[in-house]
Amino acid sequence: MQLISVPVGARRGPLEGAVGRSIMPYCRLIEGRYNGVLQFIPIVREGKTMATAYEQTYLYRLRHSAAHLMAQAVTELYPGAKLSIGPPVENGFYYDIEFETPLREEDLASIEKRMKELSKLDQRIERTEVSRDDAKALILDESIPGMGPAVAEYKLQLLDAIPEGEAISFYDQKRTDREGVHHRFLDLCRGPHVDTTKEIKHFKLMSIAGAYWRGNVKNKQLTRIYGTAWESAEELEAYLHMLEEAKKRDHRILGRELQLFMFSSKVGTGLPLWLPKGATLRDVMVDFLKKEQVKRGYDPVVTPNIANIKLYEKSGHVVNYRDKMFPFMQDDEDEIYILKPMNCPFHIEIYASQMRSYRDLPIRYAEFGTVYRYEQSGEVAGILRARGFTQDDAHLFVTPEQLQDEFVGVVDIMRTVLQKLGLNDFRMRVGTKDPSSDKYVGHDDNWEAATKAITDACDKLGLDYEVSPGDAAFYGPKLDLIIKDALGREWQMGTVQVDYNLPERFELEYIAEDGKPHRPIMIHRAPFGSLERMIGLLTEQYAGAFPLWLSPVQVAVLPIADRHAEPAHELAHKLRELIFDTRNVRVSVDDRRETLGKKIREAQLQKVPFMVILGDKDLENGTVGVRSREDGDLGAMPVEEFIRRFLTG
RNA sequence: GCCGAUGUAGCUCAGUGGUAGAGCAGCUGUUUCGUAAACAGCAGGUCACCGGUUCGAAUCCGGUCAUCGGCUCCA
């Protein structure tokens, strides 16, 4: 198999003892990034290549073969279709094909039907290794289904991309029909595959998408057909069921049901409106982080939402992201302003506004800064990818000697955040420079130093991370937190970046002990990343049932009859006086003339952690009926006991 | 931005060329109730928008917009 080498030890951690499931995301991640050719980055640990683990599973081969089976069906039904690549991916497979006429979703049914028929024909799948010349001849051989000069475009390119000395193999799906005629379907592929098409039984074609050839926007867009395949009907069923369930925890659906946020086409795409409950959630998160930041010596700053474009020309953002900025504004003096897409230049201006001494450093400026980025329309996804969002941003200005400790401190705050939010299914990625790209600014030694600062700090902290070339910011390498959403899609959350370049561009200085000016280093960091994205993610992780400290409403007081409404409000006042986790307890009272059952049902659907029921018996005895979101009816108890239970979480 | 799909009442959805429907939510009235939906009535829609075909369009055709699944991208 073809490998791309990465430094030994570069990828670690999540792959501990990894086989199958935990490796799949990596295969998926890497495939399509480097290629054109079916390539997977090897997973390297302690000098040993482990990448083949998933490839060696039966499921991987089954899905790979399912892709071939689909290709066979497609070449029969659409003779002019040009095949390109068709790898297995997490949960299934796809094949990228160029069609002469656009494929519609309703066409999938007939392709799937033909696949079922072809599967039953019990075609043997055989590997043949051939020379480069023979391979070319086969690809151009019109007598073989799916081959011939008319449809060879991509396969020939794939063949060319196979390095000298590496085996060139085809997989042949063969059968002989009742009349004794031989049939075959041949595809250039390094395999491996299952033994016969008969094994491919439990699959379903899922969707159509456009995908650029070799993942490059400049290339032609091919039609990608996604399918899922499993070893048993039960597994297929379970997977489809899981997708249905995942939809129910989609943050966009829960966001509406729980009245957290909304969108309006009258406002604009990707511009969320935060409703009272969602805004409360934001406040709670902001309070929490502010408190952590105060403990760690951060200073708050506040900066405007627009700025003169010159500021961003100087920082380099305009060159790199002009098309991702909202349209520019011009004032009477012909000065051009932009909606701010980044907070850093503002913080830099504040730093540069005075002479700084080494005694002042480190300086840590923190701001919940709302930024606006004109994301491509196809990218916007609820609050996970919005055009207006708030970063929990901070910039640290440090001396070279302080860099290591400050970086460690920043990673520590990120860990505190993760722990508090209850997030434990994530991975860390060190995004480094892609040597083949020219979008990066600054000197190589600075890049090296910054990258080393990150990896050293991670090693020191025993943090598991992987290195991903090409995922750096244009001004510096970064450490990103990556988390999956309900549908298994990965999102970049918190981030830490070491930056030598912006201080240079803005000629930042501090006076050191030697009495001479020196250049500080900047650390950019945002533990949540964006409040929007983090809340979207949390909503999905908890399926809307937020932990007590985060819940927008923590207690719903439910009076049984009208005469209990007043005592219910009194109880609510009393509870609101309490402090839980630094904030006053959030209480609602449902004093509508509805049955208790209905009030309970609605509070439960709103995922309120505690319901407190108040009726005649309670007023007589000084008790309340307590019901928890998780455990249901807890029975009557004195008010004080409820408070005690509540405060202990 | 590109490929594919979807837009009917606040929400979930019926309705394939002939007078716009249901449940929930809302409003009014009755019921004052002890752990997941009381009962009755009323009101609510330019069928996303614009244009076309037709005697007649939610329905057929074209365009636009929004949303969803991907691709690419995310300072």
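So you know, we letter chains A, B, ... as the sequences are listed, proteins then strands, and number each from 1. For the numbers below, each heavy atom of this structure counts, side chains included, while hydrogens, waters and symmetry mates do not.
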Rounded C1' spacing from G45(B) to G10(B) in Å: 12 Å

Using the P atom in both, what is the distance from C24(B) to A40(B), to the nearest Å?
10 Å

* Does Tyr542(A) OH have over 12 foreign heavy atoms under 6.0 Å away? -> yes

Does OP1 or OP2 of C68(B) have a side-chain N or O of Arg252(A) closer than 4.0 Å?
yes

Does a side-chain N-to-carboxylate-O contact under 4.0 Å join Lys248(A) and Glu245(A)?
yes

For the residue pair Arg214(A) / Tyr212(A), report whether a side-chain donor-acceptor contact shorter than 3.5 Å exists. no

Practice problem: Return yes if the base of G34(B) and the side-chain atoms of Asp616(A) contain a donor-acceptor N/O pair under 3.5 Å, otherwise no. | Solution: no

Of the listed G4(B), U12(B), A66(B), the closest approach to the Ile208(A) side chain comes from G4(B)

From CG of Asn91(A) across to P of G69(B) the rounded distance in Å is 16 Å

In whole angstroms, the gap separating P of C3(B) from CG of Asp107(A) amounts to 16 Å

Whole-Å distance, Ile383(A) CD1 to U67(B) C1', equals 16 Å

Among the nucleotides A36(B), G34(B), C73(B), whichever has the atom closest to the side chain of Gln376(A) is C73(B)

Examine the base of C73(B) for any acceptor or donor lying under 3.5 Å from a partner atom in the side chain of Arg373(A), and report the outcome as yes or no. no

Exercise for review: Verify the contact: side-chain N or O of Ser207(A) to OP1 or OP2 of G69(B), cut-off strictly under 4.0 Å; return yes or no.
Suggested key: no

In terms of heavy-atom contacts, Glu100(A) and Gly80(A) come closest through OE1-CA, 3.4 Å

Whole-Å distance, Tyr374(A) OH to C73(B) C1', equals 15 Å

Is the distance from OP1 or OP2 of C68(B) to the nearest side-chain N or O of Arg489(A) less than 4.0 Å? no

Quote, to the nearest angstrom, the C1' distance that separates G52(B) from A57(B). 11 Å

Q.
Whether Arg629(A) contacts A36(B) is assessed here as follows: a side-chain N or O lying under 4.0 Å from the phosphate OP1 or OP2. Is that the case?
A. no

Here the distance between atom C1' of C3(B) and atom OH of Tyr94(A), to the nearest Å, is 15 Å

How far, in whole Å, is U53(B) from G1(B) if one measures between their C1' atoms? 33 Å

Open item on the list: Looking at Tyr226(A), I'd like to know whether one of its side-chain N or O atoms comes within less than 4.0 Å of OP1 or OP2 on G4(B).
Closed with: no

(message) When you measure from the side-chain N and O atoms of Arg322(A) to the phosphate of A75(B), is any distance below 4.0 Å, counting only OP1 and OP2?
(response) no

Check whether any side-chain nitrogen or oxygen of Ser377(A) sits under 4.0 Å from OP1 or OP2 of G1(B), and answer yes or no. yes

*Short side-chain N/O contact from Lys220(A) to OP1 or OP2 of C3(B), under 4.0 Å*: no

Tyr212(A) OH to G70(B) P, in whole Å, measures 16 Å

| OP1 or OP2 of G1(B) under 4.0 Å from side-chain N/O of Lys218(A) | no

Atom CD1 of Ile225(A) and atom P of A5(B) are separated, to the nearest Å, by 13 Å

